[in-house]
S.K.: 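Here you go, one structure.
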Amino acid sequence: MNTASPPGPQDPAALVLDHTVYACVTGSRAFGLATEDSDTDRRGVFLAPAPLYWAFDKPPTHVEGPAEEQFSLELERFLALALRANPNVLECLHSPLVEHVDDIGRELLFLRGAFLSRQAHATFVRYAHGQRRKLEADLRTRGAPRWKHAMHLVRLLASCRDLLRTGRLVVEVGEEREALLAVKRGEVSWERVAAWMARLADEADAALSGTPLPAEPDLARVEDFLFRARRASAESYADQQVVQRRSG
């Protein structure tokens, strides 16, 4: 864990650069859907030094940058969203393209299963319904949906179904790559894509009754992890102060 003097809350870039515990690539590259024009979306988790929470001006819960297409969440915020089965956060945690991980990050990865529960069904499906409405609005106003968004919605619904069936979240699309890219290119009619979405949603609903996932995430394990991470941060800061006093 980094033992440098904690940055002020006004220095969000330093929080990412000096206190990231986990960083990965998400989006199309992690899904196995990247093409020549695909961006590289980077996501990360930083552990804000505990002393920052002792002041009135708290550290940010998220930071955009400092690199392009980079977005990071503070550990507590990340854990809270993961406990709610936020699809983007869970996919980040299961990305096959990990770029950085320290001891805290490794423990976070070891904890991945604690976030998976039947709540994923409601969260994923609710998110999918919202995205479906946007696609249908595009269809009415533009004459066609945004095909890239349609592709990712199909992928999300398939991921939800498979998670409920197996109890495992796999973000790579595998053999479905070419079929999904055909949707992105607009080579599949909206009627066929809509029918595909409806079938996947029905299959996810059917999988819910027999899923091996627990009813709730393991809040106690996650909360214990957060407590220990905060305590380690505070102890690191205290040790640093001792060293500074002795050297002064």
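Computed from a prediction, not measured in an experiment: that's the story for all the values here.
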S.K.: For the CD atom on Glu99, are there more than 12 heavy atoms of other groups (residues, nucleotides or ligands in this structure) within a distance under 6.0 Å?
M.R.: yes
S.K.: Just by distance, with hydrogens left out, do Gln119 and Glu216 show a side-chain donor and acceptor under 3.5 Å apart?
M.R.: yes
S.K.: Is Thr141 reaching over with its side chain to a backbone N or O of Ala137, donor-acceptor style, under 3.5 angstrom?
M.R.: yes
S.K.: Measuring only between side-chain heavy atoms, which start at C-beta, is Val154 closer than 4.5 Å to Glu176?
M.R.: no
S.K.: Within the 4.5 Å heavy-atom criterion, are Leu180 and Lys184 side-chain neighbours or not?
M.R.: no
S.K.: Using the ring-ring contact (aromatic ring centres under 6.0 Å, His included) criterion, which residues pair with His121? Sequence neighbours excluded.
M.R.: none
S.K.: Write down the atom of Ser28, the atom of Ser38, and the distance for their closest heavy-atom approach.
M.R.: CB-OG, 4.2 Å
S.K.: Taking the side chain as everything from C-beta on, heavy atoms only, tell me whether Pro87 gets closer than 4.5 Å to Thr123.
M.R.: yes
S.K.: Is any side-chain heavy atom of Val171 less than 4.5 Å from a side-chain heavy atom of Pro96?
M.R.: yes
S.K.: Would you call Trp190 and Leu135 a side-chain contact if the rule is heavy atoms closer than 4.5 Å?
M.R.: yes
S.K.: Is Val170 close to Asp162 at the side-chain level, that is, under 4.5 Å between some pair of heavy atoms?
M.R.: no
S.K.: Once ring-ring contact (aromatic ring centres under 6.0 Å, His included) is applied, do any residues pair with Phe31, and if so which ones, sequence neighbours excluded?
M.R.: His152
S.K.: Please find the pair of heavy atoms, one from Pro212 and one from Gly167, that lie closest to each other, and give the distance.
M.R.: CG-N, 3.7 Å
S.K.: Got a sec: does the CD of Glu68 have more than 12 other heavy atoms crowding it under 6.0 Å?
M.R.: no
S.K.: Could you please spell out the steps behind the salt bridge (Lys or Arg N to Asp or Glu O under 4.0 Å) verdict for Arg161 and Glu203?
M.R.: CA-CA 6 Å; Arg161 176 202 61 190; Glu203 289 173 352; 2.8 Å; yes
S.K.: So do Leu75 and Tyr22 actually touch side chain to side chain, heavy atoms under 4.5 Å?
M.R.: no
S.K.: Evaluate the criterion side-chain hydrogen bond (donor to acceptor under 3.5 Å, both in side chains) for residue pair Thr40 and Arg29; output intermediate values, then yes/no.
M.R.: CA-CA 7 Å; Thr40 300; Arg29 297 194 182 279; 2.9 Å; yes
S.K.: Begin from the C-alpha positions of Asp224 and Arg228 and carry the test salt bridge (Lys or Arg N to Asp or Glu O under 4.0 Å) through to its verdict.
M.R.: CA-CA 6 Å; Asp224 175 70; Arg228 288 185 289 102; 2.9 Å; yes
S.K.: Which heavy atom in Phe115 sits nearest to a heavy atom in Leu83, and how many Å separate them?
M.R.: CD2-N, 3.8 Å
S.K.: Is any side-chain N of the basic residue among Arg230 and Glu74 closer than 4.0 Å to the acidic one's carboxylate O?
M.R.: yes
S.K.: Before you tell me yes or no, could you show the steps for Arg177 and Glu172 under salt bridge (Lys or Arg N to Asp or Glu O under 4.0 Å), namely the whole-Å CA-CA distance, both residues' side-chain angles and the distance that decides it to 0.1 Å?
M.R.: CA-CA 9 Å; Arg177 170 182 163 84; Glu172 293 175 285; over 6 Å; no
S.K.: Quick check on Arg192: does its CZ atom have over 12 non-hydrogen neighbours (other residues, nucleotides or ligands) under 6.0 Å away?
M.R.: no
S.K.: Between Leu15 and Pro60, what is the shortest heavy-atom contact and its length?
M.R.: CD1-CD, 3.6 Å
S.K.: Do the two ring centres, one from Phe71 and one from His62, sit under 6.0 Å apart?
M.R.: yes
S.K.: Would you say the side chains of Thr211 and Arg165 form a donor-acceptor pair under 3.5 Å?
M.R.: no
S.K.: Go through it in stages, so that I can follow the logic: the residues are Arg42 and Cys24, the test is side chain to side chain contact (heavy atoms under 4.5 Å, CB included), and I'd like the CA-CA distance, side-chain angles, deciding distance and then a yes or no.
M.R.: CA-CA 6 Å; Arg42 288 184 163 86; Cys24 68; over 6 Å; no
S.K.: Please find the pair of heavy atoms, one from Asp102 and one from Thr20, that lie closest to each other, and give the distance.
M.R.: OD2-O, 4.0 Å
